[in-house]
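Just below is one structure, and these are the notes that go with it.
Computed from a predicted model, the values in this text were never measured in an experiment.
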Amino acid sequence: MAALLRAVAAVAAAVALFGTLAACEPTAGPKAAAGGRRSAAAEPALPVPPAPRPADRSPLGVLLSAEQVLQTAGRARLHYWSEVPGGATDCADGVLSWAPPAMQLTRTAPGATGRLIVLGGVSYQGGDTATAARLGGRHWERSTGPDGPGGRPQTPYAELADQLDPLQAVTAAAAAGDLRLVGEELLGKVPVGHWAATTTVADYTAAEAELLSPARRDRLAAALGGGGVTALTLDLWLNDRDQLVQLRRTGSSPQGVLDQLIEYRDYGDQLAVLAPPESDTRAAGQ
């Protein structure tokens, strides 16, 4: 497995978790969402009546409420589908924690294998028989992030985690000048509000000033701007708890389109990201 996202030249392939990409269809991707197909992420996270919502139901008020919900939840399950300029696609299921940061993903592209775990500044890739065969019986390849300013190691796969982070997406949309309600819709049988905003890669990352360091914002900008993308459209679907249940982020460039769809569910549940046993890992390059 090639370790991606270790140099700016590889950032354009940030959605490729483990080397060569396989074609993959979204569970409720852009076309499916437009047609109203069922999305598991649209189900209410908990089978209880929604909590009272803030009185301010203006576009900004709704997204500020969503930010508070996300800050409280701290983690969620997700399904991720993406196409990057150049036409490569990939998808994965997993768990993302943004407070504290951690990530566990399993590729779901047809014929694909392999998992990615990022925890405590260390990434683990593999978990399959192919990796075990390559590593002499150990199932996980262990590595740290690339060196950052001052030679300090950076969080591995930070660009990917930041693109999947629902709090960052809501924060960027709330900062956009044209945030608007598209309308009330259904995802499956669940009523949702569809919100939209346009922004630029520069403004998207600038909105994360309170969430990310300057160096990490630069890495996110390089990932989102891969292939020459400069402008972004954000579509957000919120349920009656002001939870972001579906996010679509799109852009275009001379090299093709950026099209990312992420479905979220099980906010705040007892979701754990665990590192594999040390005895079942091997450091990259050994």
Side-chain angles (χ1 to χ4, degrees), residues 1-19 21 70-71 74-78 80 82 84 88 90-107 114-126 140-172 199 201-227 229 232 234 247 249 251 258 260 262 264 271 273-276 283-284:
M1 289 186 183
L4 303 178
L5 307 179
R6 294 184 180 175
V8 172
V11 167
V15 297
L17 302 185
F18 315 109
L21 294 173
L70 290 165
Q71 289 167 354
R75 57 195 179 275
R77 296 189 190 277
L78 61 82
Y80 169 59
S82 182
V84 296
D90 203 26
C91 62
D93 290 325
V95 172
L96 179 72
S97 173
W98 49 97
M103 178 170 62
Q104 179 173 307
L105 298 174
T106 300
R107 288 192 66 196
R115 287 179 283 167
L116 171 68
I117 298 172
V118 180
L119 183 67
V122 179
S123 71
Y124 305 88
Q125 297 184 63
W140 297 91
E141 186 171 46
R142 182 181 73 252
S143 61
T144 57
D147 290 339
R152 293 173 295 180
Q154 302 184 73
T155 302
Y157 290 91
E159 299 91 334
L160 178 59
D162 291 338
Q163 290 174 82
L164 298 177
D165 188 333
L167 179 57
Q168 292 187 36
V170 169
T171 299
T199 186
V201 170
D203 288 343
Y204 187 106
T205 54
E208 317 302 340
E210 295 185 4
L211 300 175
L212 301 176
S213 68
R216 189 151 168 172
R217 293 200 304 274
D218 288 344
R219 293 170 66 187
L220 176 59
L224 292 174
V229 173
L232 299 171
L234 306 176
L247 165 69
R249 183 170 45 229
L258 171 71
Q260 300 174 317
I262 311 166
Y264 301 96
L271 307 174
V273 175
L274 301 175

Under 3.5 Å: donor-acceptor pair, side chain of S213, backbone of R216: yes
Qualifying residues under side chain to side chain contact (heavy atoms under 4.5 Å, CB included), relative to P101, sequence neighbours excluded: none
Looking only at the side chains, is there a donor atom on one of R115 and Y124 sitting less than 3.5 Å from an acceptor on the other? no
Beyond-backbone contact of D93 with Y80, side-chain heavy atoms, under 4.5 angstrom: no
Atom CH2 of W140 and atom OG of S123: how far apart are they, to the nearest 0.5 Å? 10.5 Å
So how far is it from L164 CG to I262 CD1, rounded to the nearest 0.5 Å? 5.0 Å
Taking atom CD of Q71 and atom OG1 of T171, what is their separation to the nearest 0.5 Å? 7.0 Å
Mind checking the CD-CZ spacing from Q168 to R217? Nearest 0.5 Å is all I need. 10.5 Å
Drop me the distance from Q125's CD to I117's CD1, to the nearest 0.5 angstrom. 10.5 Å
So do Q154 and R219 actually touch side chain to side chain, heavy atoms under 4.5 Å? yes
Nearest heavy-atom approach of A207 to A172 is CB-CA, 3.9 Å
Nearest heavy atoms of S82 and Q260, plus distance in Å: OG-CG, 3.3 Å
In terms of heavy-atom contacts, P156 and G121 come closest through CD-O, 3.4 Å
Option among L116, L119, L78 that satisfies the side-chain contact (heavy atoms from CB on, under 4.5 Å) test with M103: L116
Out of the candidates L167, D162, D165, only one should pair with L211 under the side-chain contact (heavy atoms from CB on, under 4.5 Å) rule; please name it. L167
Is there side-chain contact between L160 and L105, with heavy atoms separated by less than 4.5 Å? yes
Quick check against the 3.5 Å criterion: does W98 have a side-chain atom that pairs as donor or acceptor with the backbone of L70? yes
Specify the closest pair of heavy atoms between V229 and G251, including all atoms of both residues, with the distance to one decimal. CG1-CA, 4.1 Å
For L96 and A161 the tightest heavy-atom approach is CD2-O, 4.3 Å
Is it true that a side-chain atom of R249 and a backbone atom of L258 form a donor plus acceptor pair closer than 3.5 Å? no
With heavy-atom distances below 4.5 Å as the criterion, would you say the side chains of L224 and L220 are in contact? yes
Check whether any side-chain heavy atom of V122 sits under 4.5 Å from a side-chain heavy atom of R142, and report yes or no. yes
